[in-house]
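The next block holds one structure in the form of structure tokens; read it before the comments.
The sequence lines fix the lettering, A, B, ..., with proteins before strands; numbering per chain opens at 1. Basis for what follows: all heavy atoms, side chains included, without hydrogens, waters or symmetry-related copies.
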Amino acid sequence: MRMSQLFLRTLRDAPTDADVDSLRLLSRAGYVRKVAAGFYSWLPLGSRVLRNVERIVREEMDAAGAQEVLLPIAQPLELWQQSGREQLYGPLMFRISDRKDAGYCLAPTAEELITATVRGEYSSYRDLPVNLYQIQWKYRDELRPRFGLLRSREFLMKDAYSFDTDAANLRKSYQLMYDAYHKVFERCALNFRPVRAQSGDIGGDVNHEFMAVANIGEDDFVWCKSCDYAANVEAAVRRSPEPVAPGSQPMSKIATPDKPGINAVAEHLGCAASELLKCLAFETEAGAIGLALVPGDREVNEYALKVALGGVAYEFLDDAAFARFPRLPKGYIGAHNQHIEIAVADPSVLARTSWVTGANEVDHHVTDAVVGRDFQPTVVAPIVVVASGDVCPECDGELSVDRGIEVGHVFQIGTKYSESLGATFTDENGEAHPMVMGCYGIGISRVVAAIVEEHHDEAGICWPAEISPYAVHLIALTGKGATSEEVRQAAVAIYDGLNSAGVSVVYDDRDVSPGVKFADADLLGVPVQLVVGAKGLARGVVERKLRKTGSRDELAIDAVLGQYIGEGAKSRG
RNA sequence: CGGGGUGUGGCGCAGUGGUAGCGCACCGGCUUUGGGAGCCGGGGGCCGGGGGUUCAAGUCCCCCCACCCCGACCA
């Protein structure tokens, strides 16, 4: 492609509402343009990049035995009512209606439709397993779209769905996808980790998120520096500290006027927040009042607390609820409160001889509260949010908490959708069973943004070879001198040669100054830049610069084609 | 949903009640040509929309819309 023909305008200043590196650079370099909150146009360069990620995903899905389909974006709401997810998604779904006032949604995902599709075709154990996938635009009317392409309202997603006869076979299908995801993200040159995760709204049990490590990510995940333990921050656990012998000092009450917070009290007493016992009051759905007890410098993992309660739903008290329980003075609650029915303590609560905690009386705290003497946990279970520096539960190594971008997610769903939508098969004995499903997503457009987040510098994007819109960025420094035409002809010869060798090349033939060409080349981020200039030409060489490292060398002009023949297959751009 | 902020040319921004500006980009001319060149000359605006106040509104008031940021229970 000649740059004089390419539909492209680069920007020196990024639009002000581009708030992350990926969107700033993709906007400046003319890959995408914002149309509305959470909606983006993909211009020629962006479209090529998107296709490249698609291509990688398609190749790996096909290699893993999945078959591509294409389902409609607009889906009858009725289908979503059958699965019960119409309510669940609520305003997150874009809704439309036709002229007859029938309700449709723009699909936020496709479990329902794919299940209905398989139900309509397959009904025997002989048909299974089967794995279908599509690469299709998805729509979610996010509460707050942000981070540009990382959380948009329209996004391109690969979603695959496996159907098996039983859980053991599901695990095989799951493993195939899990392995395929590794290949996909390796080819995308992402620094990623598969982490154990909670299942969220889709339902089901075993699942992993594939997190691309980034500063800007929306999710924290925990990983061990010594082994391969990794988990979503909600699912992560640590090795709890060992219990210690209780203290013997008697508990005593002290005045802490107008000090309702951990930090305020710690500062007032001149002690560390970790010496205070944090007591969070909650009410279960059955109406029982409980406290979650953790060290003052720790936060409660709400998911872990629910597990500790045996799966019982609960809510932390809000101001209105506190008003109903005058015996629970917000900010001054102590673990020795007589009015609570449940006390869930993290094991670390047993690892300190005594605690400073609320006195259950406004403007007062107590010191030397001793577990087992002054207060009794009814449940001891790990409920703190894991933090960097905690001990790995599997190998005693050190855990680290980092930000990540969720680029993929694999689930073992089970029979939730096959049951509600009636996707059953008949087994060898003629008995009907619901199919056992897995579902597997990759955010294609999000992957593009994640790659830019990881592969860029001050000057612009540095694409991995397989993702780059072109394999080679050819720059002709023609100028207006005597050698101008000579340089132009040499560049065109290389351009034509590379093209006919199947190497995708973008050729900067514009009549602009060298500085503009260099700056744009760095901004666009094609991995290899070839510069044809009068100086080199006189010596029969062209200069080659690698975008990522900035390293330069010279190639004999006759050797250029030889160098890049074969590159076409690696990066067809 | 709550709070805050911003809407002026494609992008970035200035603008004090009195003729709508600057930089980049764009068009034409001349010069320049190895890291976002210089000079000269141009084109491009329903100042987010609607109502009001005023002799006069980009500017003041009211309503609406869009976009951005923060928050949405950790005592």
Side-chain angles (χ1 to χ4, degrees), chain A residues 8-20 23-24 27-30 33-39 43 90-91 143-148 256 258-266 273 276-283 291-302 305 314-322 325 328-335 337 346 357-360 362-363 365 383-385 458-460 475-484 487-488 508 510-523 529 531-537 542-543 545 550 552:
Chain A
L8 170 71
R9 182 112 298 145
T10 57
L11 303 175
R12 204 175 293 212
D13 300 305
T16 30
D17 55 11
D19 51 348
V20 292
L23 183 59
R24 263 195 292 272
S27 300
R28 282 191 56 212
R33 289 287 179 256
K34 180 171 156 176
V35 173
F39 291 93
L43 304 184
L143 211 56
R144 182 140 90 87
R146 63 179 135 180
F147 303 139
T256 50
D258 198 28
K259 297 279 184 289
I262 292 281
N263 291 332
V265 175
L276 273 75
L277 187 64
K278 183 188 278 190
C279 308
L280 297 184
F282 60 85
E283 182 176 16
L291 292 183
L293 307 177
V294 298
D297 59 341
R298 287 295 183 152
E299 297 196 343
V300 172
N301 179 336
E302 297 188 30
L305 179 55
Y314 67 92
E315 284 191 351
F316 287 115
L317 301 193
D318 57 16
D319 285 341
F322 272 113
F325 299 105
L328 295 172
K330 180 177 177 178
Y332 300 94
I333 299 173
N337 195 293
D346 187 78
T357 187
N360 295 310
V362 171
D363 291 344
H365 281 75
I383 55 169
V384 299
V385 173
E458 307 73 35
I475 295 173
L477 299 178
T478 44
K480 282 250 169 59
T483 56
S484 160
V487 170
R488 195 189 64 79
D508 195 342
R510 296 174 300 171
D511 183 22
V512 295
S513 70
V516 171
K517 293 185 180 183
F518 291 135
D520 275 347
D522 288 347
L523 181 58
Q529 298 172 12
V531 182
V532 185
K535 291 180 199 163
L537 199 57
V542 299
E543 186 179 321
K545 174 181 157 183
R552 297 161 200 265

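Remark: B:U6 base-pairs with B:A66; criterion is Watson-Crick or G-U wobble with both hydrogen-bond distances under 3.5 Å. In this structure B:C22 sits in a base pair with B:G12, meeting the Watson-Crick or G-U test at under 3.5 Å. Partner assigned to B:G43 is none, using Watson-Crick or G-U wobble distances below 3.5 angstrom. Base pairing analysis places B:C1 opposite B:G71; the two distances defining the Watson-Crick or G-U wobble pair are each below 3.5 Å. Base pairing analysis places B:C60 opposite B:G52; the two distances defining the Watson-Crick or G-U wobble pair are each below 3.5 Å.
For the pair A:Arg144 and B:C69, the criterion of a side-chain N or O lying under 4.0 Å from OP1 or OP2 is met. OP1 or OP2 of B:U6 has not a single side-chain nitrogen or oxygen of A:Thr16 nearer than 4.0 Å. Between A:Lys330 and B:C73 there is no side-chain polar atom (N or O) within less than 4.0 angstrom of OP1 or OP2.
Within 4.0 Å of A:Ile262, counting heavy atoms only, lie sugar-phosphate atoms of the nucleic acid but no base atom. Within 4.0 Å of A:Ile475, counting heavy atoms only, lies no atom of the nucleic acid at all. Residue-level contact check: A:Ala281 touches the bases, meaning some heavy atom is under 4.0 Å from a base atom. At the heavy-atom level, A:Gly261 lies under 4.0 Å from the strands shown only through sugar-phosphate atoms.
Distance from the side chain of A:Arg146 is smallest to B:C70 among B:C70, B:C67, B:C11. Taking only side-chain atoms of A:Asp17, from C-beta outward, the nucleotide of B:G34, B:C68, B:U33 with the closest atom is B:C68. In this structure, of B:C11, B:C13, B:U33, it is B:U33 that holds the atom nearest to the side chain of A:Asp511.
Note: CZ (A:Phe147) to C1' (B:C68) measures 13 Å, nearest angstrom. Look at NZ on A:Lys517: it is 14 Å from C1' on B:U32, rounded to the nearest Å. The distance from atom CG of A:Leu43 to atom P of B:C11 is 13 Å, rounded to the nearest whole Å. Per the geometry, CG belonging to A:Asp13 stands 15 Å off C1' belonging to B:G9, to the nearest Å. Taking atom CD1 on A:Ile333 and atom C1' on B:C74, their separation rounds to 11 Å, with Å as the unit. Rounded to an integer number of Å, the gap from NZ of A:Lys480 to P of B:G29 is 11 Å. Spacing between atom CZ of A:Arg9 and atom P of B:G10 amounts to 13 Å, rounded to whole angstrom units.
The distance from atom CD of A:Glu543 to atom CD1 of A:Ile475, rounded to the nearest 0.5 Å, is 9.5 Å. Taking CG from A:Leu291 and CG from A:Leu328, the interatomic distance works out to 7.0 Å, rounded to the nearest 0.5 Å. Note that the CG atom of A:Leu477 and the OG atom of A:Ser513 stand 10.0 Å from one another [nearest 0.5 Å].
Applying the side-chain hydrogen bond (donor to acceptor under 3.5 Å, both in side chains) rule to A:Asn337 yields the partners A:Asn360; only residues at least two apart in sequence or on another chain are considered. The salt bridge (Lys or Arg N to Asp or Glu O under 4.0 Å) check on A:Arg510 picks up A:Asp508, A:Asp520, with sequence neighbours excluded. Applying the side-chain hydrogen bond (donor to acceptor under 3.5 Å, both in side chains) criterion to A:Arg9, with sequence neighbours excluded, gives no partner residue. With sequence neighbours left out, the salt bridge (Lys or Arg N to Asp or Glu O under 4.0 Å) criterion links A:Glu302 to no other residue. Scanning for side-chain hydrogen bond (donor to acceptor under 3.5 Å, both in side chains) contacts around A:Arg12 gives an empty result, with sequence neighbours left out.
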In 5'-to-3' order, the base (B), backbone-only (S) or no-contact (-) status of each nucleotide in nucleotides 35-41 of chain B, using a 4.0 angstrom heavy-atom cut-off, is BBS----
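Residue A:Glu302 places a side-chain atom within donor-acceptor reach of the base of B:C74, judged by atom type and a 3.5 Å distance cut-off alone.
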